[in-house]
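Reading through the structure tokens given below for one structure.
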Amino acid sequence: MSFIYSDDNKRYHTWNYHLRHRFGCKVMKIALNAGFTCPNIDGTKGYGGCTYCSGSGSGDFAGNPEESIVRQFEGIKDAMHSKWKQGKYMPYFQAHTNTYADVDVLKKYYEPALRQRDVVGLSIATRADCLPDDVLDYLSELNDRTYLIVVLGLQSIYDETGERINRCHTFDEFLSGYNKLKERGINVCVHLIDGLPGETPEMMVRSAEVVGELEPHCVKLHLLHILKDTVMAKQYEEGQFRLLERDEYVDIIVRQLEVLPPETVIQRLTGDGGRESLIGPMWSLKKFEVLNAIDKEMEKRDTWQGKALTKK
């Protein structure tokens, strides 16, 4: 079987494939931390953040917010060149909510990143309820100038899950923000987390199916991992929920890929925390083994991204 959006044995539309075909070379994502906060941290909508969120606001591998954006960029770029000798770059504002500030503040961080040599695009992680009109206008302007992707953290389509993890926004609010971006022609990447407390595999697959029906540019499928000093770590230690086993996760991912359109780019298929802060699942540290297991399972089932859609 040869998947249409693949140059190798992959049966799904990888981020690497997409970037190489768009830019003709390796593109390295440079994770930056502008030091923003979040409306469910500062009291606007809630306190404490999402229950799985560490103090770094999902930016555990991003730069040091005490350093300038240019200094962060240069340091991470140099580190990446120990693995990849050449390529171009995409700054990724990852930690916390990166549109949760006045436009003038956003420009102070985004513009220096865009001016760095060999930068071909910009990726901005945010929440769908943090997209006021003036920010949308600025994002539209950026979209005219560069390859822009706005990453919207959804995590689950189920509001009961959102309440349990202190997400502090609803699926309807997500749809409102998502549609505002799509109406302006801005590429959207939707982020989902598998293994959230209270969810069944069927619920996780349904989340992917509903997101697929929205036809996003990209999707990130992320394994729930528990980090030290988080609310969820305490809940896990109290036995309020269990973590997915690797075989369970592989099965869920394969089923999710089957209900996602083949044109949708899959930016990632797992998630990992820093070894020193990770409580579990420890098997997530072996990222390439997880990805290989997904490849093997898709081959075993003779399936591919979007296969379930061809049956409808």
List the residues meeting salt bridge (Lys or Arg N to Asp or Glu O under 4.0 Å) with Glu297, not counting sequence neighbours, and say none if there are none. Arg301

Any pair with a residue in residues 160-178 that passes salt bridge (Lys or Arg N to Asp or Glu O under 4.0 Å), sequence neighbours left out, goes on the list, sorted by first then second residue, please. Lys45-Glu173

Listed once per pair and sorted, the salt bridge (Lys or Arg N to Asp or Glu O under 4.0 Å) pairs that draw on residues 253-263, sequence neighbours left out: Glu202-Arg255, Asp251-Arg255

Using a strict 4.0 Å threshold on nitrogen-to-oxygen distance, state whether Glu209 and Arg206 make a salt bridge. yes

Is any side-chain N of the basic residue among Lys10 and Asp295 closer than 4.0 Å to the acidic one's carboxylate O? yes

Got a sec, which residues hit salt bridge (Lys or Arg N to Asp or Glu O under 4.0 Å) with Glu74, two or more places apart in sequence or on another chain? Lys77

Ile165-Tyr47 co-clustered via ILVMFWY side chain contacts under 4.5 Å: no

Tell me whether Leu139 is reachable from Leu114 by hopping between hydrophobic residues (I, L, V, M, F, W, Y) whose side-chain heavy atoms are closer than 4.5 Å. yes

Listed once per pair and sorted, the salt bridge (Lys or Arg N to Asp or Glu O under 4.0 Å) pairs that draw on residues 174-200, sequence neighbours left out: Asp137-Arg184

If only atom types and distance count, is the side chain of Gln256 paired as donor or acceptor with the main-chain N or O of Met204 below 3.5 Å? yes

Sequence neighbours excluded, the answer for side-chain hydrogen bond (donor to acceptor under 3.5 Å, both in side chains) partners of Ser207 is none

Pairs involving residues 100-120, ordered by first then second residue, that meet salt bridge (Lys or Arg N to Asp or Glu O under 4.0 Å) (sequence neighbours left out): Lys88-Asp118, Glu111-Arg145

With sequence neighbours left out, the residues meeting ring pair (Phe, Tyr, Trp, His ring centres under 6.0 Å) with Tyr100 are none

Counterpart residues, side-chain hydrogen bond (donor to acceptor under 3.5 Å, both in side chains), relative to Glu238 (two or more places apart): Lys234, Gln240

Any donor-acceptor pair under 3.5 Å linking the side chain of Glu248 with the backbone of Glu245? yes

Residue pairs passing the ring pair (Phe, Tyr, Trp, His ring centres under 6.0 Å) test with at least one member in residues 278-298, sequence neighbours excluded, are Tyr249-Trp283

Not counting sequence neighbours, which residues clear side-chain hydrogen bond (donor to acceptor under 3.5 Å, both in side chains) with Asp8? List them please. Ser6

side-chain hydrogen bond (donor to acceptor under 3.5 Å, both in side chains) partners of His217, counting only residues at least two apart: Tyr147

